[in-house]
Chemist: 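Please see the structure below; I have some questions.
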Amino acid sequence: MIKKGIELLLDFIYPKRCLLCDELYDTDYTGILCDDCRTQKIHYNRIVERKINLHYVDECHGLFLYEEPVSRAIVALKFNNRPDKGKGFGSLMAEYVKRNIPEYKQAVITDVPLGKKRKRERRYNQSSILAKQMAKELGTEFLKNTVIRIRETKAQSTLGSRRRIENIKDCFYVVDPAKVKGRIVIIADDVVTTGSTLNELAKELKKAGAKKVIGIAAATSDVP
Ligand SMILES: [Zn+2]
């Protein structure tokens with residue numbers, strides 16, 4: 001009774017807004033998207049194919065196409081201090097995993113580590129928020145500080161596909177290989193474009209003994 005009262009009060013103070021378009025809405029079955037956004041063609045919801053660099057990634061899945069209004073929500077998550085957007089995408093990603101990746105019950109989940117400088121600028125790692133939310137809803141382990149970024153890199157979005165591979169090369173390090181050895185590892189990321197970052201991280205996880213690496217991204221985008 002008290003819990004219900006608190007929920008009603010919170011709904012009053014913070015009325016629910018759609019993750020993607022920010023419109024106030026009643027609620028759909030997920031409580032995350034408005035009906036308009038749920039029925040738009042921006043849903044991708046399938047295995048990402050033909051990405052340039054996914055040799056070490058066994059499967060890569062994407063939820064949306066990186067276009068309006070998804071792109072705006074992701075930009076808000078990455079650059080405008082909106083970690084709440086990460087929780088919304090993370091919940092949708094968990095919902096997708098439950099339906100499409102049955103191995104998740106044996107898997108562990110990792111983020112894509114950010115360098116210290118970039119993390120300071122953004123205040124948080126957007127991919128950690130996605131990964132933590134997924135882990136919470138799936139009841140799987142989140143690998144905290146198991147992989148780190150050992151050098152700063154330029155933002156991949158500023159580079160073409162060839163330079164993305166060089167930029168990201170050997171920048172990850174698995175601190176605690178015992179955590180991934182023989183395991184299925186799911187990497188949560190915001191956007192997959194060429195797949196270079198995901199592939200580089202998967203390479204290190206495989207070197208550390210991971211049995212299988214599955215990537216899942218909130219959105220998938222073409223190389224600019
Ligand atoms: Zn909407």
Side-chain angles (χ1 to χ4, degrees), residues 48 50-64 66 70-83 85-86 89-90 93 108-135 142-177 179-180 185-210 213-224:
V48 180
R50 296 190 306 277
K51 288 287 173 196
I52 302 168
N53 307 301
L54 289 171
H55 314 294
Y56 293 96
V57 182
D58 297 281
E59 278 169 33
C60 180
H61 301 254
L63 258 67
F64 295 101
Y66 189 74
V70 176
S71 49
R72 203 172 346 131
I74 290 180
V75 167
L77 165 66
K78 286 173 83 165
F79 306 109
N80 298 332
N81 199 24
R82 291 290 304 272
K85 299 274 182 202
F89 279 117
M93 286 155 84
V108 289
I109 301 184
T110 183
D111 55 9
V112 177
L114 270 187
K116 282 197 182 117
K117 183 168 160 262
R118 188 128 327 124
K119 196 169 168 186
R120 257 200 319 274
E121 284 164 8
R122 291 187 189 167
R123 299 189 194 169
Y124 54 83
N125 175 352
Q126 74 279 2
S127 130
S128 300
I129 295 174
L130 299 171
K132 281 181 197 161
Q133 188 67 23
M134 284 177 65
F142 167 66
L143 295 178
K144 196 178 174 197
N145 300 328
T146 302
V147 192
I148 55 166
R149 195 178 280 238
I150 47 177
R151 62 178 173 83
E152 298 287 345
T153 52
K154 289 184 184 146
Q156 290 286 80
S157 54
T158 61
L159 306 169
S161 51
R162 273 258 307 270
R163 300 226 17 233
R164 284 174 187 233
I165 301 173
E166 295 158 20
N167 182 47
I168 205 83
K169 196 168 184 297
D170 298 329
C171 83
F172 298 114
Y173 176 69
V174 180
V175 182
D176 189 356
K179 287 260 186 191
V180 300
V185 184
I186 298 176
I187 305 172
D189 202 2
D190 49 346
V191 186
V192 171
T193 306
T194 63
S196 316
T197 306
L198 210 57
N199 193 59
E200 188 63 29
L201 179 51
K203 185 181 92 184
E204 292 305 316
L205 291 167
K206 288 270 172 83
K207 269 205 261 175
V213 178
I214 300 172
I216 177 160
T220 174
S221 139
D222 288 328
V223 184

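For clarity, every value in this text was computed on a predicted model and none was experimentally measured.
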Chemist: Are any side-chain N or O atoms of Arg118 and backbone N or O atoms of Thr153, one a donor and one an acceptor, separated by less than 3.5 Å?
Modeler: yes
Chemist: For the residue pair Asn199 and His55, what are the closest heavy atoms and their distance?
Modeler: OD1-N, 2.9 Å
Chemist: Identify the heavy atoms of Lys117 and Glu152 that sit nearest to each other, and give their distance.
Modeler: N-OE2, 2.9 Å
Chemist: Is the shortest heavy-atom distance from the side chain of Val174 to the side chain of Lys207 under 4.5 Å?
Modeler: no
Chemist: Please find the pair of heavy atoms, one from Asn81 and one from Arg123, that lie closest to each other, and give the distance.
Modeler: ND2-NH1, 2.9 Å
Chemist: Strictly distance-based, threshold 3.5 Å: is any side-chain N or O of Thr220 a donor or acceptor partner for the main-chain N or O of Gly62?
Modeler: no
Chemist: Are Phe79 and Arg122 close enough that some pair of their side-chain heavy atoms sits under 4.5 Å apart?
Modeler: yes
Chemist: Are more than 12 heavy atoms from other residues, nucleotides or ligands located less than 6.0 Å from atom CZ of Arg151?
Modeler: yes
Chemist: Do Lys206 side-chain atoms and Tyr56 backbone N/O form a donor-acceptor pair below 3.5 Å?
Modeler: yes
Chemist: Could you tell me the separation between the OG atom of Ser127 and the NZ atom of Lys132, rounded to the nearest 0.5 Å?
Modeler: 10.0 Å
Chemist: Can you list the steps and then say if Asp190 with Lys85 is a salt bridge (Lys or Arg N to Asp or Glu O under 4.0 Å)?
Modeler: CA-CA 11 Å; Asp190 49 346; Lys85 299 274 182 202; over 6 Å; no
Chemist: Can a salt bridge be assigned to the pair Glu166 and Lys169 using a cut-off of 4.0 Å between side-chain N and carboxylate O?
Modeler: no
Chemist: In Å, rounded to the nearest 0.5 Å, how long is the span from CG of Leu201 to CZ of Phe172?
Modeler: 5.0 Å
Chemist: Give the minimum heavy-atom separation between Asp189 and Met93, together with the two atoms involved.
Modeler: O-CE, 3.7 Å
Chemist: Please report the C-alpha distance between Val57 and Ile187 in whole Å, then the side-chain angles of each, then the deciding distance to 0.1 Å, and finally whether the side-chain contact (heavy atoms from CB on, under 4.5 Å) criterion is met.
Modeler: CA-CA 10 Å; Val57 182; Ile187 305 172; 5.7 Å; no
Chemist: Tell me whether Glu200 contacts the main-chain N or O of Asp170 through its side chain, where contact means a donor paired with an acceptor under 3.5 Å.
Modeler: yes
Chemist: Tell me the closest heavy-atom pair linking Val192 and Ala217, and the distance in Å.
Modeler: CG2-CB, 3.4 Å
Chemist: How long is the span from the NZ atom in Lys78 to the OG atom in Ser71, to the nearest 0.5 Å?
Modeler: 11.5 Å
Chemist: Does Tyr124 use its side chain to pair, donor to acceptor, with the backbone of Arg82 at less than 3.5 Å?
Modeler: yes
Chemist: For atom NZ of Lys119, is the number of surrounding heavy atoms from other residues, nucleotides or ligands below 6.0 Å larger than 12?
Modeler: no
Chemist: I need the Thr193 OG1 to Leu159 CG distance, nearest 0.5 Å.
Modeler: 11.5 Å
Chemist: Do Phe89 and Ile129 have side-chain heavy atoms sitting under 4.5 Å apart?
Modeler: no
Chemist: Would you name the heavy atoms of Cys60 and Leu54 that are closest together and state the gap between them?
Modeler: CB-CD1, 4.1 Å
Chemist: Between CG of Asn53 and CG of Leu198, what distance do you get to the nearest 0.5 Å?
Modeler: 10.0 Å
Chemist: Does any donor atom in the side chain of Thr146 or Asp176 lie under 3.5 Å from an acceptor atom in the other side chain?
Modeler: no
Chemist: Side chain of Arg164, backbone of Gln156: donor and acceptor closer than 3.5 Å?
Modeler: yes
Chemist: Is there a side-chain contact between Leu130 and Asp111 (heavy atoms, below 4.5 Å)?
Modeler: no
Chemist: Calculate, to the nearest 0.5 Å, the distance between atoms CG and OG1 belonging to Leu143 and Thr110 respectively.
Modeler: 5.0 Å
Chemist: Return yes if some donor-acceptor pair links the side-chain N/O of Asp58 with the main-chain N/O of Val213 below 3.5 Å, else return no.
Modeler: yes
Chemist: Would you say that Ile150 contacts Ile148 through its side chain, given a criterion of any heavy-atom pair below 4.5 Å between the two side chains?
Modeler: yes
